[in-house]
Novice: 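Pasting in a structure now, in structure tokens, and then I'll have a few things to ask.
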Amino acid sequence: MRKFLAILVCKLGRAVGKLIGKGSSMPGQFALKICPDILSRMQLPAHIIAVTGSNGKTSTVEMIAAILRADGKHVVYNEEGSNQIEGVTTMVLTHSTFSGKMKADVLLIESDERYAARSFRFFHPTEFVITNLYRDQLTRNGHPEWVYNAILPAIHSDTELLLNADDPLSSCLAQNHDKVKWFGVNECSISSKTPSGVYHDGAYCPICKAPMEYDYVHYNHIGAYRCTKCGHQKPETDYTVTSVDLDKGELVLDGNVSIQLAFRSIYNVYNILAAYAACRECGVDSAVAAGVINNFILKNGRMQKFTLGQHHGILLTSKHENSIAYDTNLRYVKETKEPCTVIVIVDAVSRKYFTSETSWLWDIDFSQLDCSHVQKVLLCGRYANDLAVRFGFTCISNEKLALHPDINEACESLKNNGSEDLYVVTCFSDRDKLLSNVQKEAQ
Ligand SMILES: [Zn+2]
């Protein structure tokens with residue numbers, strides 16, 4: 001009876017919530033009050049895929065959903081991004097019959113890494129993709145090792161882990177776990193010999209703390225690591241990017257699956273690889289997966305194109321407080337060769353909570369913008385002065401820098417001047433302030 005009531009309340013709550021434009025957490029919250037173990041009483045689909053990690057969750061989940069749907073599977077996933085237990089409960093209950101049977105072939109869950117253990121207390125994923133673990137949202141998450149410890153209790157012995165072989169930290173989740181499949185990128189055109197960035201979180205082994213050595217890296221400390229003492233090293237991969245040409249936008253998986261990249265970023269490469277691995281594990285043919293991934297445009301608008309006056313621009317959205325995401329976006333700008341202006345906006349540090357904590361700006365390798373085709377860098381938003389102090393410690397000459405705390409004013413001045421390409425590096429909440437001033441282009 002409690003189960004029926006919880007499902008009923010959740011369905012009603014969701015219907016009302018949709019009408020009044022409320023989020024998707026509240027109905028689940030009510031259902032959990034009525035029946036705290038409701039998730040263990042549901043009849044769930046045969047495949048439950050979860051995706052967590054510091055970066056790439058939403059993009060990977062979007063791609064997995066598109067591939068599985070192309071394969072004819074009925075997929076339910078948290079499209080609105082509510083990734084804690086309340087949101088997951090809403091999603092499961094609203095897609096179920098009143099007797100508690102979920103109407104789907106696959107339940108796909110983007111899970112908040114900190115709260116995964118709570119979400120998976122009453123059921124567990126059949127496949128669990130962990131994209132990576134690194135510095136992210138300092139105020140909320142502390143350090144990556146702390147997040148690692150928060151994920152551990154979410155892992156059930158029956159769950160098959162799909163892990164990033166190139167990440168020295170999240171790869172440790174394979175310790176004492178039998179069912180593991182690995183994805184990784186071979187040494188190729190994008191690799192370098194030594195870790196990059198202004199700090200090196202992969203300098204010491206996460207298991208025994210001895211110094212680590214690297215055969216190659218693809219970005220920051222992500223690549224082929226080897227502990228000098230305990231043997232922790234990049235494992236053999238089951239799903240592999242065997243070659244990448246970011247200039248041509250070409251990618252080859254497992255030596256024979258060719259992909260054209262809609263967005264030529266190393267980030268995109270890893271998200272594609274993780275999605276490919278998850279779908280192959282669910283029995284999808286490689287040709288079906290490749291067909292969907294080819295020129296796949298993400299719906300989440302992380303790379304929105306726009307025009308402003310005579311300028312063509314690209315919004316490179318990442319999360320604030322996530323230096324590696326910033327670094328890869330700056331690398332994208334560095335590798336374009338046309339003259340351009342870069343706009344860095346930090347107006348609200350987080351859209352979830354208020355913090356004026358800006359120490360993470362010092363973790364970002366802004367010196368990547370010290371190249372001849374970057375003609376100007378506009379520092380915008382409430383924290384423009386913090387950015388200016390940070391940029392004062394790069395080699396970028398002062399003449400290239402301009403301070404515009406007011407985003408609208410910055411857009412106005414660009415609109416009437418010049419026609420060079422624009423790249424905007426910012427987070428989701430701040431990008432909306434820019435988008436209100438520009439003309440969005442269809443993807
Ligand atoms: Zn070690």
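These numbers were taken from a predicted model, which means no experiment stands behind them. Counting starts at 1 for both ligands and their atoms, following the listed order.
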Novice: Let me confirm one number: the NE2-CG distance from His143 to Leu133, rounded to the nearest 0.5 Å.
Specialist: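 So the gap between those two atoms works out to 12.0 Å.
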
Novice: Sequence neighbours left out, what passes side chain to side chain contact (heavy atoms under 4.5 Å, CB included) with Ser356? Give chain and number order.
Specialist: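 Listed in chain order: Phe354, Tyr383.
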
Novice: Between Lys57 and Glu62, is there a side-chain N and carboxylate O pair less than 4.0 Å apart?
Specialist: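 Salt bridge flag = no for Glu62 with Lys57.
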
Novice: Provide the full list of salt bridge (charged side-chain N to carboxylate O under 4.0 Å, His left out) pairs with a residue in residues 253-269, sequence neighbours left out, each pair given once.
Specialist: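 The answer is none; no pair qualifies.
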
Novice: Hey, can you tell me if His221 and Tyr134 have their rings parallel, tilted or perpendicular (30° and 60° cut-offs)?
Specialist: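 Aromatic pair His221/Tyr134 classed perpendicular.
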
Novice: Around the Zn ion (ligand 1), list the protein N/O/S atoms within a radius below 2.8 Å, excluding water molecules.
Specialist: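 Those protein N, O or S atoms (cut-off: under 2.8 Å from the Zn ion (ligand 1)) are Cys205 SG, Cys208 SG, Cys227 SG, Cys230 SG.
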
Novice: Taking only residues two or more places apart in sequence, or in another chain, which ones meet Thr242 in a side chain to side chain contact (heavy atoms under 4.5 Å, CB included)?
Specialist: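 For Thr242, the residues satisfying side chain to side chain contact (heavy atoms under 4.5 Å, CB included) (neighbours in sequence not counted) are Asn186, Thr240, Val252.
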
